[in-house]
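Have a look at the structure below before the remarks.
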Amino acid sequence: MKFCVSPSGGGGGGEGARGFGRGGGPKVVYVPPPPPEEESSVFAHYETGINFDKYDDILVDVSGSNSPKAIMTFEEAGLCESLSRNVTKSGYVKPTPVQKHGIPIISAGRDLMACAQTGSGKTAAFLLPILQQLMSDGVAASKFSEVQEPEAIIVAPTRELINQIYLEARKFAYGTCVRPVVVYGGINTGYTIREVLKGCNVLCGTPGRLLDIIGRGKVGLSKLRYLVLDEADRMLDMGFEPDMRKLVSSPGMPAKEERQTLMFSATYPEDIQRLAADFLKTDYLFLAVGVVGGACSDVEQHIIQVDQYSKREQLLELLKTTGTERTMVFVETKRSADFIATFLCQEKVPTTSIHGDREQREREKALGDFRSGQCPVLVATSVAARGLDIEHVQHVVNFDMPSSIDEYVHRIGRTGRCGNTGRAVSFFNPESDTPLARSLVKVLAGAQQEVPSWLEEIAFSAHGTTGFNPYGKVFASTDTRKGGSFQKEPPQPAVQNTSAAADDEEWE
Ligand code: AMP
């Protein structure tokens, strides 16, 4: 059997790291292989799980005035024939709650901040109404223009996630006149520009590369109608907020009153919600499917108390029980990603790894090997925590606990997607992880998971609070939305909202 951990380092650090890559950095020559063209690959999808219909039982709250009525079926969405056909070919039979509510809100021209649990169909909730509008208006990308003027821009925090969103956009736009393009760091800039200049209606990008291409005058913003921030809380936290401000103040960017701004995530710390309002029209709607920041209830969560020195052995034991089932193992630093992956390979567990210091070619290979099952174990930093939708991921292991509860919610959300069930096992080391205990108890309880008594004890005796609200009280909304009945937490200490991806921040 072949064990396929990627070589470490590889000198690709520059492009993945903030502040590198433009001028001064090593020239990147990597050109990714084109995505498959055959229809069967474009529409390849996995089946919805046994809990898909239970999504309908989740409480939904829309705050704000004059919110449009939800749709119950895709027919009610009024999609044009080609889009409707592509939805069917994707295996979508009925909309998920975030789609039922989000699609009519976007189609009505409203700005939206939407929160729904991981894996519950947020991507289609924004792509379908945008594509529908562009198709019914008959936009067509021009191959002959030296400056492309997309109607929609979608930003996401990591290269792999934006590529995934692009592939979804390409799938839904298949066989139509709408052309999506993706731009992200770690690949050759000349190639990226040539792709954009072939025609671009929906531009998907990571912030650095997007700003670069706009700055080079290859993309004009005068026709922009939609700006989408996926993983919006991450896009507006300390790491990315300056880039988002730069983006919205780029020459030609329509003012917020003149464009539609849409934000999606599974988590929204309260201060980020307030900040997000700067980017939205005053009458935006807030859509909450379930509890804001809640974990996916289809993921069985286990917390195991460990000490630092027993973790490797415990991981090995655990992986013996998971066999060839796909497992993502999260660690806090790039160094430990290399270290743990090497350790597992030595122990004959077919493992690969991904983090922000890897060259893009290596990152894509690692993800490809994991997706195909050639390496059923992927050791990852937070660079893989958000958004990635990989079939057959049955297990998530938090080898190291993340420093924020939101990061925990995103990590475990790599399993239990689209109504399928999954399992997350987290190694809790009281020496280092106690500050997370209270919010962890809350998230476990909120998802009807068993809370270990030792964890409860730590939580109640700990001083550090990370937004724990022991009485489950619903705080009055400080938001301007009417109703405001979504669950609010008391103001939280700064630790909650520092970038969880500190060790592995990605810019391009
Ligand atoms: P997302 O949360 O957007 O990453 O979607 C999670 C997974 O659910 C993806 O594989 C989607 O293709 C799939 N999905 C989204 N909406 C639906 C739907 N209405 N019916 C079936 N599958 C869906």
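Atoms within a ligand are numbered from 1 in the order they appear, just like the ligands themselves. Position 1 is the first residue of the sequence, and the numbers go up from there.
The salt bridge (Lys or Arg N to Asp or Glu O under 4.0 Å) analysis of residues 116-137, with sequence neighbours excluded, yields the pairs Asp137-Arg225. Residue pairs satisfying the ring pair (Phe, Tyr, Trp, His ring centres under 6.0 Å) criterion with at least one member in residues 68-105, sequence neighbours excluded, are listed as follows: Tyr92-Phe172.
Partners of Ala232 according to the side-chain contact (heavy atoms from CB on, under 4.5 Å) rule, which considers only residues two or more places apart in sequence or in another chain, are Leu229, Met263, Tyr268.
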- Message: Between Tyr174 and Phe43, does the ring pair (Phe, Tyr, Trp, His ring centres under 6.0 Å) criterion hold? Intermediate values first, please.
- Response: CA-CA 9 Å; Tyr174 188 78; Phe43 290 99; 5.4 Å; yes

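Closest approach of Thr96 and Gly121 over heavy atoms only: OG1-CA, 4.2 Å.
In this structure, ligand 1 sits under 4.0 Å from heavy atoms belonging to Tyr46, Thr48, Phe52, Phe74, Tyr92, Lys94, Pro95, Thr96, Gln99, Gly119, Ser120, Gly121, Lys122, Thr123, Glu168, Asp389, Arg417, Cys418.
Of the N and O atoms on the side chains of Asp111 and Gln260, not one donor lies less than 3.5 Å from an acceptor on the other residue.
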